[in-house]
Asker: 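Encoded as structure tokens, here's the structure I'll be asking about.
In the text below, chain A, chain B and the rest are named by the order of the sequence lines, each starting its count at 1.
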2 protein chains.
Amino acid sequence: MKWVYIEDISDYKGQEVEIRGWVYNKRSSGKVRFLLIRDGTGILQGTIFSDEKDSLLFKRFDELTQESSIVVRGRVREDKRSPGGFELSIEDLEIIQIAEDYPITPKSHGVPFLMEHRHLWLRSQKQRAILQIRAELIRAIRDFFDNSGFRLMDTPILTPSACEGTTTLFETEYFDQKAYLSQSGQLYNEATAMAFGKVYCFGPTFRAEKSKTRKHLIEFWMVEPEVAFAALEDITELAEDTIVYIVKRILEKNKKELEVLERDIKPLEKVKKPFPRKKYDEILKMIQEKGSKMEWGDDFGSPDETLISEIFDTPVCITHFPAKIKAFYMEPDPERPDLVLGVDVQASEGYGELIGGGQRIHDLDLLEKRIKKHNLPREAFEWYLDLRKFGSVPHSGFGLGVERMLGWICKIKHIRESIPFPRLLYKIYP
Amino acid sequence: MKWVYIEDISDYKGQEVEIRGWVYNKRSSGKVRFLLIRDGTGILQGTIFSDEKDSLLFKRFDELTQESSIVVRGRVREDKRSPGGFELSIEDLEIIQIAEDYPITPKSHGVPFLMEHRHLWLRSQKQRAILQIRAELIRAIRDFFDNSGFRLMDTPILTPSACEGTTTLFETEYFDQKAYLSQSGQLYNEATAMAFGKVYCFGPTFRAEKSKTRKHLIEFWMVEPEVAFAALEDITELAEDTIVYIVKRILEKNKKELEVLERDIKPLEKVKKPFPRKKYDEILKMIQEKGSKMEWGDDFGSPDETLISEIFDTPVCITHFPAKIKAFYMEPDPERPDLVLGVDVQASEGYGELIGGGQRIHDLDLLEKRIKKHNLPREAFEWYLDLRKFGSVPHSGFGLGVERMLGWICKIKHIRESIPFPRLLYKIYP
């Protein structure tokens, strides 16, 4: 008999099939036993019918506990009352293993307990919905860049130097040297962009930050495009296009999962080009008028991000930041050298920064001065300076964090649910 | 005027366009100047024609050096004699930067010098061809699994314990604990497979091996599928399908790049299902007959891999290995408990192991014994043991290394050219 997956069940109407999976739930009603089976791709209701109370199938059914592993065989029947529209008339039930005392029961558990059992918690409907959307979101990102002429160029994780300061770096021995886990592939992207024109990297990044917020992870995935000859305006448009593409794709492909999460999709349907574009100074004034205590030269804090999302009901592009709160490589605003040509995209609904990027310094002298001013070790940046010696061109890029984006799309309270095995302050198990 | 990329030039026949790029080469012939421009997507010949020897365009042309950055404007002309079939009649030439003393000249350089200048070496034709194929290969892998019902489930890089021994692990401080860089996502895959049925992870992995071979990198990318309810036979077939799909895709999409690399594609065209399938014992006998000194219980060394590829002109699946040379989690052969149900796929042409995998132990008692026998810290594996308590099922998976696969497809001598910024023994710059 053919082993099929529940997500494909509608192709097998009237046929006999085999389903391999786990017991999600069960109940009895007179001469019928109902078994909810999950196989990782969906949930299917199986029914066992018998006139004899002590039939073999009933006996096996009685043994079953939550998460027991089973193989069932039977005929697929269309049934409009069933969730999914199909049922299985079970004719054979094989028990692989009876699970005893499965720790996650239908009653509610505290988050610390669930996080300790993350390897099992993943089986629950809500977690599955989030991570299904995650898989589609990542695919959408790759499709977007692959189909727009970008070349995927993986950048290294083990790096000899820090991109943005050294206090939040994980350090390791690299044979006779020190190495650090990458916080961003950007500097390397700048090299590959000069070879390939338009590139992106997409991998895990690491920040050893001693902060506990609902918006931060120690290990997270980031996509970073970089474009030779692109200026701030070009990269701002690319940032918009990226977000619009992702949101549209999830709305198309993950309706079911968004329903499981009870996500109100109206705010997502509003995500259309162009986003409002405001300079840092303008946004500052707007949120100060709404009561923010933030002053010029501060970075936006979480309460400020909430205020911004009270003003705009879509993502908003913020540009022209004070140089002192941004990285050493950012191109100064030619009209106001105390500002840089950076762009951040703030999510709606208070979910904070989705994208950070901008135009990079392409002038050799200026970059040398900045490296000195930031006390960065020049020898580690020789290759980076080379990019300004041999055919330097204006160029721009940005970084988009997968988990922040997913947290917003799913409207989950804490970003820790947006990755299969989150790494949090002091937390690395399982 | 519209900025276009060279790869799209055929769409602009007869039109005026702008190309932004770098000087690849130049030459003069009477009243004509020829400029080879690269923009990261291709190379285009531009021509400048003038009756006056000291015209402004000729003066600018004379200034140009290798890798100088420029913007040119002009009309696209079809010309069958040109490489690519099109030329640009340059009407305007803007110099962004004159590159002085570009270190990589058309004369040949030693590999150590090129590796020190990897950030620039990437611009050369051969390196670009390899990395273009890399990008397509990665896309092929993702498409294959995404389109076969697998869910991408990223596994963590920072892990509290070792998967396969501790001597080759990079260690780092994780706040108040120790953490190690992942060598494989497999153990975590086993958890997500029980939640999603069919999963894969795809990310960088790390081995702090003090060995210098042409087949090893310290940091490399690996895709690892894992399937609940799959046995050795199923996963062997999946391994074949994966390799066949990738090779077919590269042959379709990267003809041009394979030509640049002067790759004889006949051996790749032979990659068809099914591959020869042999047990370890059979292969051992075959290579011993050809002079291998290998004994039962040894793992295949590089010379043995060469012998294997003299016997088979396609990849070959090798199964049923001695338990003692394989990892603790491998399912024993029920007929011969000194063997395990593992499968490796060896490349043709002596390129060694492309895939390693097999069936995992799903019996709780047996797994507990193995963890003890291998002196692994039980507390770190509690969650992994949970997978055998709560609905345990037979399951299988494998790992495929991107750089090994790419090295074979491109038939390059050393794997270090198969990743933008290779990490090698003692070598972490740039």
Side-chain angles (χ1 to χ4, degrees), chain A residues 5 20 22 39-41 67-69 96-97 99 102 119-120 122-123 128 131-132 135 138-139 142 146 149 151-158 160 170-172 174-177 179 188 191-192 195-197 203-204 219 221 228-229 383 386 390-393 419-421 423 425-426 428-430, chain B residues 5 20 22 39-41 67-69 96-97 99 102 119-120 122-123 128 131-132 135 138-139 142 146 149 151-158 160 170-172 174-177 179 188 191-192 195-197 203-204 219 221 228-229 383 386 390-393 419-421 423 425-426 428-430:
Chain A
Y5 284 99
R20 306 179 185 182
W22 295 267
D39 75 346
T41 74
E67 285 302 316
S68 291
S69 43
I96 310 286
Q97 188 194 41
Y102 187 68
H119 52 295
L120 304 175
L122 294 170
R123 303 180 185 184
R128 284 191 69 258
L131 295 176
Q132 294 264 44
I138 291 172
R139 195 172 192 198
R142 293 190 177 267
D146 287 342
R151 265 71 173 180
L152 172 69
M153 288 294 134
D154 295 308
T155 53
I157 305 298
L158 291 167
F170 286 106
E171 185 184 296
T172 188
Y174 190 87
F175 308 105
D176 55 350
Q177 287 164 265
Y188 291 97
T192 55
F196 292 86
E219 179 179 330
W221 283 69
F229 292 101
W383 69 268
D386 273 0
F390 305 114
S392 189
V393 302
I419 189 165
F421 296 93
R423 295 302 178 235
L425 190 57
Y426 300 111
I428 198 176
Y429 177 94
Chain B
Y5 283 100
R20 305 178 184 183
W22 295 267
D39 75 347
T41 73
E67 285 301 318
S68 290
S69 43
I96 309 287
Q97 188 194 42
Y102 186 68
H119 52 294
L120 303 175
L122 295 171
R123 302 179 186 185
R128 285 190 68 257
L131 296 176
Q132 293 264 44
I138 291 172
R139 194 172 192 197
R142 294 191 176 266
D146 287 342
R151 266 70 172 180
L152 171 70
M153 288 293 136
D154 296 307
T155 53
I157 305 297
L158 292 167
F170 286 105
E171 185 184 295
T172 188
Y174 190 87
F175 307 105
D176 55 350
Q177 288 164 266
Y188 291 97
T192 55
F196 292 87
E219 179 179 330
W221 283 68
F229 293 100
W383 70 268
D386 273 1
F390 306 113
S392 191
V393 302
I419 188 166
F421 295 93
R423 295 302 179 234
L425 189 59
Y426 301 112
I428 197 176
Y429 177 93

Asker: Is it the side chain or the backbone of A/Leu120 that comes within 4.5 Å of chain B heavy atoms, both, or neither?
Answerer: side chain

Asker: Pick from B/Leu425, B/Thr155, B/Ile157, B/Leu131: which one has the most heavy-atom pairs with chain A under 4.5 Å?
Answerer: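 Option with the greatest count: B/Ile157.
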
Asker: Could you pull out the closest heavy-atom pair between B/Leu158 and A/Glu219, with the gap in Å?
Answerer: N-OE1, 3.0 Å

Asker: Would you please name every residue forming a ring-ring contact (aromatic ring centres under 6.0 Å, His included) with B/Phe390, sequence neighbours left out?
Answerer: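 By the ring-ring contact (aromatic ring centres under 6.0 Å, His included) rule, B/Phe390 matches A/Tyr102.
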
Asker: With chain B, which of A/Val393, A/Leu152, A/Asp146 has the greatest number of heavy-atom pairs at distances under 4.5 Å?
Answerer: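 Result: the option with the highest number of such pairs is A/Asp146.
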
Asker: Could you have a look at A/Phe170, A/Tyr429, A/Phe175 and say which one has the most heavy-atom pairs with chain B under 4.5 angstrom?
Answerer: A/Phe175

Asker: Are side-chain heavy atoms of B/Ile96 and A/Ser392 found at a separation under 4.5 Å?
Answerer: no

Asker: Out of B/Tyr426, B/Tyr174, B/Tyr188, which one racks up the most heavy-atom pairs below 4.5 Å with chain A?
Answerer: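 Option with the top pair count is B/Tyr174.
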
Asker: Less than 4.5 Å to any heavy atom of chain B: does that hold for the side chain of A/Pro156, its backbone, both, or neither?
Answerer: both

Asker: Is there a side-chain contact between B/Trp22 and B/Ser68 in this structure, where contact means two heavy atoms from C-beta onward sitting under 4.5 Å apart?
Answerer: no

Asker: Nearest heavy-atom pair of A/Met153 and B/Pro420: which atoms, and what distance?
Answerer: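 In this case the closest contact between A/Met153 and B/Pro420 is SD-CG, 4.0 Å.
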
Asker: Report which part of A/Asp39 has an atom under 4.5 Å of a heavy atom belonging to chain B: side chain, backbone, both, or neither.
Answerer: backbone

Asker: For B/Ile138, is it the side chain, the backbone, both or neither that has a heavy atom under 4.5 Å from a heavy atom of chain A?
Answerer: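 Side chain of B/Ile138 only, per the 4.5 Å heavy-atom cut-off to chain A.
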
Asker: Find the one option among B/Asp154, B/Thr41, B/Leu122 whose heavy-atom pairs under 4.5 Å with chain A are most numerous.
Answerer: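 That would be B/Asp154.
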
Asker: Quick check on the interface: out of B/Pro204, B/Gly149, B/Ala179, who has the most heavy-atom pairs with chain A under 4.5 Å?
Answerer: B/Pro204

Asker: Could you pull out the closest heavy-atom pair between B/Trp221 and A/Gly203, with the gap in Å?
Answerer: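 What the structure gives for the nearest pair is CH2-CA, 4.1 Å.
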
Asker: Among all residues two or more places apart in sequence or in another chain, which pass the side chain to side chain contact (heavy atoms under 4.5 Å, CB included) test with B/Arg128?
Answerer: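 Side chain to side chain contact (heavy atoms under 4.5 Å, CB included) check on B/Arg128 returns A/Phe196, B/Gln125, B/Gln132.
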
